[in-house]
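Both ligands and their constituent atoms are indexed starting at 1 by order of listing. Throughout, residue positions are numbered sequentially from 1 according to the sequence presented.
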Amino acid sequence: MSLTRLIKDVLRKPESIPTPGAIFYNATVSKVLRKPEAKIANDIVTKMGKGTIVDLGSGTGYLSIEIAKKAPSLRVYGMDLSRQMVKIARRHARGVDNAQFVFGDAARLPFKDNSIDLVVSTGASHHWRTPRLVFDECHRVLRIDGEAWIYDGCPEVFHTPADRRKLHKEYGFLIGRLGYRVSTLHGFSREEYQTVIRDMLEQTAFRGNYQMALTDIWMKITLKKRM
Ligand SMILES: C[S@@+](CC[C@H](N)C(=O)[O-])C[C@H]1O[C@@H](n2cnc3c(N)ncnc32)[C@H](O)[C@@H]1O
């Protein structure tokens, strides 16, 4: 697929989720993603017990809140470009003092240079209008050796009947049966990750310091800030 076609496809989708979409998302998709996102939260708290984390495109806040609850010494900032999502996330976070939600664009992060230990993002990168700027911002705010874990859809996760059966068993009908189609519409193919997205990453400050791997229901891009 060409870069022009990929950009056109991304532009067809709204960047921030509008209010009715956010309310719908809170009642549906966000609940379906809880189980796989709980695994990500576990991986994060296993890796680090204290520090500061930013969740880009935090949506209804489930992942940020889960991380904050599991590790009270971590400070978690969820950030979203939809005011309604931020409102919903703040409501969910009542009583969880180490999780905070801010409205804003992932391409302009309100954090100081070298101040963040880990950036995480789930299901949001296919919405970003200026992904190169987002990656460069992640690089700017991360401490040396800090990482960004960017998870998004990839239909190849659901490629074989055995893959679908396994995910159906683990996560139920919606992910097992509809995951392929949903991640075709809300993510990128493996080929796009390995060509267009790789080429774009090579133009960011993370050049040469990233890996991609099919992980659970996602493609995970791990980016590392080196000296
Ligand atoms: C599909 S939702 C995923 C929400 C959440 N991470 C989850 O896994 O349920 C994508 C979110 O990214 C947000 N978003 C899109 N572009 C953004 C940007 N440039 N900066 C911050 N948030 C953004 C949208 O408003 C939306 O809430």
Inset, instruction - Taking ring-ring contact (aromatic ring centres under 6.0 Å, His included) as the test, write out the residues that go with Y180, two or more places apart. - result: none
Legend entry - Counterpart residues, ring-ring contact (aromatic ring centres under 6.0 Å, His included), relative to Y171 (two or more places apart): none
Numbered atoms and elements of ligand 1 in range of [X], under 4.0 angstrom, heavy atoms:
X	result
G104	20 (N), 21 (C)
G123	1 (C), 2 (S), 3 (C), 10 (C)
S82	25 (O)
D105	18 (C), 19 (N), 20 (N)
M85	27 (O)
E37	7 (C), 8 (O), 9 (O)

Within reach of ligand 1, part of [X] (heavy-atom separation under 4.0 Å):
X	answer
Y25	side chain
S30	neither
H186	neither

Inset, instruction - Please test Q100 against R90 for side-chain hydrogen bond (donor to acceptor under 3.5 Å, both in side chains), starting from the C-alpha separation and ending with a verdict. - result: CA-CA 7 Å; Q100 215 175 304; R90 285 182 181 154; over 6 Å; no
Under 3.5 Å: N/O of [X] near N/O of ligand 1:
X	result
H127	no
D55	no
L81	yes

Legend entry - Nearest-0.5 Å distance, CD1 of residue I197 to CZ of residue R190: 13.5 Å
Inset, instruction - Have a look at S125, A106, G187 and point out the one with the heavy atom closest to atom 18 (C) of ligand 1. - result: A106
Inset, instruction - Answer with yes or no whether I17 contacts ligand 1, where contact means a heavy atom under 4.0 Å from a ligand atom. - result: yes
Legend entry - NZ/NE/NH1/NH2 to OD/OE distance under 4.0 Å, R34 and E66: no
Inset, instruction - State whether E147 and K224 are salt-bridged, where the test is any N-O pair (Lys NZ or Arg NE/NH1/NH2 against Asp/Glu carboxylate O) under 4.0 Å. - result: yes
Inset, instruction - Indicate whether any N or O donor in one side chain lies under 3.5 Å from an N or O acceptor in the other, for H186 and D152. - result: no
Inset, instruction - May I ask you to check whether T46 and D43 show a side-chain donor-acceptor distance below 3.5 Å? - result: no
Inset, instruction - Would you please classify the geometry between the Y193 ring and the F188 ring as parallel, tilted or perpendicular, with 30° and 60° separating the classes? - result: perpendicular
